[in-house]
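Following: one structure in structure tokens, then a few remarks.
Hydrogens, waters and symmetry mates are skipped; everything else that's a heavy atom, side chains included, is used.
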Amino acid sequence: ALAAAGLVATPWVAVLAGWWAMNALAIVDPALLPSPLEVAGEGLARAADGRLLADVAASSARVLTGVAIGTSLAVPIGIALGRFEAMRLAVGPLVGFFRALPPIALIPLVIIYFGIGEAAKIIVLSFAAFFGAVIVIYEGVSQIAPIYTHVARALGASEQEIFRRVTLPLAVPHILTGLRVALGVTWATLVAAELVAAQTGLGASIQVAASFFQLPVIYVGIIAIGVTALAMDVVLKRLTARAVAWQERLER
């Protein structure tokens, strides 16, 4: 356990040491690179007065809402694309077209059509989550070995039973992987989404700090995004491991 903890901690210590060295030795102009202590002090101050928690809560709520909406749409569409070749041939290129569009490019249109309220931010994040998840799901479902459905049909299963007892359980690992991808993509889109007149949130605090050249605040926001996203991913990873444990037992 100690060896594993040391292995995990080593790269973090190396990053902090490199950061401290660049600041202390003025490898990068100290005016452009705050020290770890400055950033830590700013983070503690913002945590103490509640600003950091409020920003984390606001951004997390937006991200989770976007992921929930995006993946709830991606699951049925991804399964359908993966299961039916004709649909994949017809709709696949359209999905690929929109997937290539960066969510930030849609912000002007989103503002025109939906204004600058909370709905606009959720739409941008939902778009990112949907296309982050749907590709993973349909690629995974399309690679499910046909032997499972052939055996089910040979045993007299109906199409509904095949979907419920074969396709859906085998799709669960791909759905959960798509959810993790969607979560990462949505966090990566957060700052762009909070360009839409956000008053609270980590992306909003970074943008305000950039306007006033408050570098420690920018670093606090970046680190908070990374830590929050990492914590959510760890939780999802553990849930995924539990959800697919039955498949690992079958493979043994």
Original post:
Does Val151 have any side chain to side chain contact (heavy atoms under 4.5 Å, CB included) partners at least two apart in sequence or in another chain, and if so, which?
Top reply: Ile147, Leu155
**OP:** Go through the steps for Met232 and Trp187 under the test side chain to side chain contact (heavy atoms under 4.5 Å, CB included), then give the verdict.
**Re:** CA-CA 10 Å; Met232 288 184 179; Trp187 272 110; 3.5 Å; yes
What heavy-atom pair brings [X] and [Y] nearest, and what distance separates the two atoms?
X      : Y      : answer
Ala128 : Thr189 : CB-OG1, 3.5 Å
Leu170 : Pro173 : O-CD, 3.4 Å
Val220 : Gly43  : CG2-N, 3.6 Å

Rounded distance [0.5 Å steps], [atom1] in [X] versus [atom2] in [Y]:
X      : Y      : atom1 : atom2 : value
Ser158 : Phe163 : OG    : CZ    : 12.0 Å
Ile218 : Ile223 : CD1   : CD1   : 12.0 Å
Leu37  : Leu44  : CG    : CG    : 10.5 Å
Leu236 : Thr240 : CG    : OG1   : 5.5 Å
Thr186 : Leu64  : OG1   : CG    : 9.5 Å
Leu190 : Leu125 : CG    : CG    : 6.5 Å

Quick check: do [X] and [Y] have side-chain heavy atoms less than 4.5 Å from each other?
X      : Y      : answer
Val227 : Leu230 : no
Tyr148 : Pro169 : no
Leu32  : Phe213 : yes
Glu161 : Val166 : no
Glu194 : Arg62  : yes
Val185 : Val181 : yes
Leu239 : Leu176 : no
Ile123 : Phe114 : yes

Using a 3.5 Å cut-off and no angle test, enumerate the donor-acceptor pairs between side-chain atoms of residues 131-138 and protein atoms at least two apart in sequence or in another chain.
none

Flag yes if [X] and [Y] sit in one hydrophobic cluster, no otherwise; membership is Ile, Leu, Val, Met, Phe, Trp, Tyr, and two members link when side-chain heavy atoms are under 4.5 Å apart.
X      : Y      : result
Val39  : Phe212 : no
Ile222 : Val217 : no
Phe97  : Ile77  : yes
Ile104 : Ile112 : yes

Original post:
How would you list all residue pairs meeting salt bridge (Lys or Arg N to Asp or Glu O under 4.0 Å) that involve residues 225-237, not counting sequence neighbours?
Top reply: Arg180-Asp233
Subject >> Pair Ser59-Ile225, side chain to side chain contact (heavy atoms under 4.5 Å, CB included): steps then yes or no >> reply: CA-CA 9 Å; Ser59 292; Ile225 288 174; over 6 Å; no
Subject >> Gln143 side chain to Gly140 backbone, donor-acceptor under 3.5 Å >> reply: no
Can you give each donor-acceptor pair under 3.5 Å made by side-chain atoms of residues 202-211, sequence neighbours left out, with the distance rounded to 0.1 Å?
{"unit_1": "Ser205", "atom_1": "OG", "unit_2": "Leu202", "atom_2": "O", "d": "2.8"}
{"unit_1": "Gln207", "atom_1": "NE2", "unit_2": "Val191", "atom_2": "O", "d": "3.0"}
{"unit_1": "Gln207", "atom_1": "NE2", "unit_2": "Gly203", "atom_2": "O", "d": "3.2"}
{"unit_1": "Ser211", "atom_1": "OG", "unit_2": "Gln207", "atom_2": "O", "d": "3.1"}

In a table with atom names and distances, give each donor-acceptor pair under 3.5 Å that connects a side chain of residues 6-23 to protein atoms at least two apart or in another chain.
{"unit_1": "Thr10", "atom_1": "OG1", "unit_2": "Gly6", "atom_2": "O", "d": "2.6"}
{"unit_1": "Trp19", "atom_1": "NE1", "unit_2": "Pro34", "atom_2": "O", "d": "2.8"}
{"unit_1": "Asn23", "atom_1": "ND2", "unit_2": "Leu33", "atom_2": "O", "d": "2.7"}

**OP:** Apply side chain to side chain contact (heavy atoms under 4.5 Å, CB included) to the pair Val124 and Ile107, showing each step before the final yes or no.
**Re:** CA-CA 7 Å; Val124 172; Ile107 288 178; 4.3 Å; yes
Give every donor-acceptor pair under 3.5 Å between a side-chain atom in residues 78-92 and any protein atom, sequence neighbours left out.
{"unit_1": "Arg83", "atom_1": "NH2", "unit_2": "Glu159", "atom_2": "OE1", "d": "3.3"}
{"unit_1": "Arg88", "atom_1": "NH1", "unit_2": "Leu81", "atom_2": "O", "d": "2.7"}
{"unit_1": "Arg88", "atom_1": "NH1", "unit_2": "Gly82", "atom_2": "O", "d": "3.0"}

Original post:
Taking atom CZ of Arg99 as the centre, does the number of heavy atoms from other residues, nucleotides or ligands within less than 6.0 Å exceed 12?
Top reply: no
Original post:
Has Arg165 got more than 12 heavy atoms of other residues, nucleotides or ligands less than 6.0 Å from its CZ?
Top reply: no
**OP:** Could you check Ile122 against Ile69 for side chain to side chain contact (heavy atoms under 4.5 Å, CB included), going step by step and ending with a plain yes or no?
**Re:** CA-CA 9 Å; Ile122 299 303; Ile69 294 172; 3.7 Å; yes
